Amino acid sequence: MAMLKKRKRDRTEQDSEYFQCYSDVSIHEEMIADSVRTNSYRMAILRNHPKLYGKTVLDVGAGTGILSVFCVQAGAARVFAVEASSVSQLARDVMKSNGMDTKVNVIDSPVESAEIPGLVDAIVSEWMGYSLMYESMLASVIHARDKWLKPGGLILPSSADMFIAPIHHPSVESRVNFWSSVKDLYGVDMACVQTFARSCIMSNEMDVNLVSPEDVLSFPVKFTSIDLNSCTQEEVRHLHGSFQFTCFGSSLMHGFAVWFSVTFPGEKNVILDTSPYAEETHWKQTLLYLDDEVQVEQDTVISGDISLSPSDINPRHLHVLLNYSVAGGLSRTKHFHMGS
Ligand SMILES: C[S@@+](CC[C@H](N)C(=O)[O-])C[C@H]1O[C@@H](n2cnc3c(N)ncnc32)[C@H](O)[C@@H]1O
């Protein structure tokens, strides 16, 4: 029997599949309902009222249009709301419902092929995916910035930082231990499934999940930063950074958590923080599990490096390469995937 091989789709097919995901209401519902996300954008846009008043704004990936509405509320004279998925129709309805259809031009197109008359004073975009780079939407924002943003124009958000920390994750133990509890439930001994369960959980797939602050085993390390005013396509395609942690105390380490924050400039910066120490967002944290848990003690040193890049099969998907060593032991390498 012939092996089924994953067919590598061409870029157009991948993009239409990607925009199709944004044609459903549930993803927009999740984003708008994420009050940490939506209120951070709202506050950041309204606080930039002195820079937006009477100005022209480009909203890259406008979705249902809420950020464009905030821009008009902040005084923008004209907003180009560019949206490639079919929800652009809804954005148009939202503008009408809010009496903003004369100020906001909804453009149904990928930003890469949009026609914008002239340069803009500001760009706003919510482009961040899981682990910041999943979906690779930042490339579209950079494209728009280089083509349409006036020199010295405003870009919201203006920077992004990525963090990593070693973690304990109690769900690994509870899911593995579930198999030994089956005997109490139904009288059938299924403890032999535990090893398989552990290998499935601690796989090469990245897990989007929440980490409690008490399960972070050391101070986190900021391993890379992006300046949205100046970053290039090449720089953001491969993000890389190193880390060294000193553990707080005795614990079982299951892996690493990765998260990001973005900063909006203004008289007072607004920071949208997706860390385990901040209020929960729909991005949660991204977990990278080791193959086997490791016992760490107070002052155990964990060092290594991490790289993020688009997957070879689909550039919207994410590949992470992690090298790490615990207590000066053997250096280990693990590849992780999100999406493919
Ligand atoms: C994370 S959502 C944000 C939606 C909206 N701005 C909000 O804050 O609710 C990203 C949106 O950008 C759109 N998008 C992604 N890449 C795009 C591109 N190259 N051109 C136009 N729209 C794009 C997606 O279809 C999606 O609706």
Side-chain angles (χ1 to χ4, degrees), residues 11-46 57-74 76 79-95 98 100 104-116 120 122-148 155-157 160 208 228 233 236 260 262 264 270 272 274 281-284 310 314-318 339:
R11 192 65 214 246
T12 318
E13 276 181 298
Q14 287 165 345
D15 278 351
S16 64
E17 197 176 79
Y18 169 67
F19 292 126
Q20 192 58 38
C21 297
Y22 278 107
S23 300
D24 187 82
V25 77
S26 50
I27 191 160
H28 295 280
E29 190 180 314
E30 183 182 40
M31 289 187 291
I32 307 266
D34 180 343
S35 58
V36 175
R37 178 202 90 108
T38 307
N39 276 326
S40 298
Y41 270 88
R42 181 165 186 257
M43 203 190 309
I45 292 169
L46 294 180
V57 181
L58 172 57
D59 179 355
V60 178
T64 49
I66 197 162
L67 305 187
S68 295
V69 170
F70 295 155
C71 290
V72 174
Q73 289 172 341
V79 181
F80 297 104
V82 183
E83 173 54 48
S85 79
S86 57
V87 295
S88 56
Q89 291 301 331
L90 300 175
R92 205 164 274 119
D93 294 342
V94 169
M95 297 315 141
N98 288 276
M100 293 179 179
V104 180
N105 281 28
V106 177
I107 301 173
D108 323 69
S109 158
V111 76
E112 288 79 359
S113 49
E115 290 189 13
I116 312 284
V120 299
I123 288 182
V124 62
S125 183
E126 199 278 79
W127 52 269
M128 298 87 73
Y130 295 127
S131 207
L132 191 67
M133 301 311 286
Y134 185 62
E135 297 181 32
S136 294
M137 192 183 153
L138 179 54
S140 302
V141 179
I142 296 173
H143 176 95
R145 179 201 69 192
D146 293 346
K147 195 162 175 188
W148 290 297
I155 185 154
L156 296 175
V208 174
L228 271 287
Q233 301 281 10
V236 303
F260 65 89
V262 294
F264 301 84
V270 173
L272 167 51
T274 69
T281 70
H282 76 285
W283 288 286
K284 301 181 181 173
N314 183 336
R316 298 274 179 197
H317 297 170
L318 188 62

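Start at 1 and go down the list; that is how both ligands and their atoms are numbered. Positions are given from 1, in the same order as the sequence printed here. Treat the numbers as computed from the prediction; the structure is a model and nothing was measured.
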Novice: With heavy-atom distances below 4.0 Å as the criterion, list the atoms of ligand 1 near Y18.
Specialist: 15 (C), 16 (N)

Novice: Could you tell me if any non-hydrogen atom of A114 lies under 4.0 Å from any atom of ligand 1?
Specialist: no

Novice: For ligand 1, which atoms, with element, lie under 4.0 Å from some heavy atom of H28?
Specialist: 27 (O)

Novice: Hey, can you tell me if F260 and W283 have their rings parallel, tilted or perpendicular (30° and 60° cut-offs)?
Specialist: perpendicular

Novice: May I ask you to decide if P315's main-chain N or O and S136's side chain share a donor-acceptor pair within less than 3.5 Å?
Specialist: yes

Novice: Hey, is CD on Q20 packed in by over 12 heavy atoms from elsewhere, all under 6.0 Å?
Specialist: no

Novice: Which atoms of ligand 1 sit under 4.0 Å from any heavy atom of A62?
Specialist: 5 (C), 6 (N)

Novice: Show me which atoms of ligand 1 lie under 4.0 Å from any heavy atom of P110.
Specialist: 20 (N), 21 (C)

Novice: For atom 27 (O) of ligand 1, which of the options E30, M31, E83, R316 provides the nearest non-hydrogen atom?
Specialist: E83

Novice: Would you name the heavy atoms of E83 and G63 that are closest together and state the gap between them?
Specialist: OE1-N, 2.7 Å

Novice: With heavy atoms under 4.0 Å as the rule, classify the contact between F19 and ligand 1 as side chain, backbone, both or neither.
Specialist: side chain

Novice: Any nitrogen or oxygen of E112, side chain or backbone, less than 3.5 Å from one on ligand 1?
Specialist: yes

Novice: Does ligand 1 have a heavy atom under 4.0 Å from the side chain of E135, from its backbone, from both, or from neither?
Specialist: neither

Novice: Under a heavy-atom criterion of less than 4.0 Å, does H143 contact ligand 1?
Specialist: no

Novice: Checking contacts here: is it the side chain or the backbone of Q20 that comes within 4.0 Å of ligand 1, counting heavy atoms only? Could be both or neither.
Specialist: neither

Novice: Does L67 come within less than 4.0 Å of ligand 1, judged by its heavy atoms?
Specialist: yes

Novice: Any side-chain donor paired with an acceptor under 3.5 Å for S23 and S86?
Specialist: yes

Novice: Against E135, only a single residue in W127, Y18, Y130 fulfils side chain to side chain donor-acceptor pair (under 3.5 Å); can you say which?
Specialist: Y18

Novice: Counting only N and O atoms by type, is there a donor-acceptor contact under 3.5 Å from the side chain of S125 to the main-chain atoms of V60?
Specialist: yes

Novice: Pick one of side chain, backbone, both or neither for how S109 approaches ligand 1, counting any non-hydrogen atom pair under 4.0 Å.
Specialist: backbone

Novice: With heavy atoms under 4.0 Å as the rule, classify the contact between A84 and ligand 1 as side chain, backbone, both or neither.
Specialist: both

Novice: Using only atom types and a distance under 3.5 Å, with no angle test, would you say the side chain of T38 pairs donor to acceptor with the backbone of S35?
Specialist: no

Novice: Below 4.0 Å, non-hydrogen atoms only: which portion of M128 touches ligand 1? Side chain, backbone, both or neither.
Specialist: neither

Novice: Would you indicate which of D108, V87, V111 comes nearest to atom 20 (N) of ligand 1 when only heavy atoms are counted?
Specialist: V111

Novice: What part of M137 sits under 4.0 Å from ligand 1 if we count only heavy atoms: the side chain, the backbone, both or neither?
Specialist: side chain

Novice: Who's the nearest protein heavy-atom neighbour of atom 8 (O) of ligand 1, and how far?
Specialist: R37 NH1, 2.8 Å

Novice: Ignoring hydrogens and geometry, is there a side-chain-to-backbone donor-acceptor pair from R37 to T281 under 3.5 Å?
Specialist: no

Novice: The criterion is salt bridge (charged side-chain N to carboxylate O under 4.0 Å, His left out); which residues satisfy it with R42, sequence neighbours excluded?
Specialist: none

Novice: What residue and heavy atom of the protein are closest to atom 4 (C) of ligand 1, and at what distance?
Specialist: G61 O, 3.5 Å

Novice: Whether the side chain of R145 engages the backbone of I123 through a donor-acceptor N/O pair (distance < 3.5 Å, no angle test) should be reported.
Specialist: no

Novice: Taking only heavy atoms of S140 into account, list the atoms of ligand 1 that are under 4.0 Å away from them.
Specialist: 19 (N)

Novice: How close do I107 and R92 get, heavy atom to heavy atom, and via which atoms?
Specialist: N-NH2, 4.4 Å

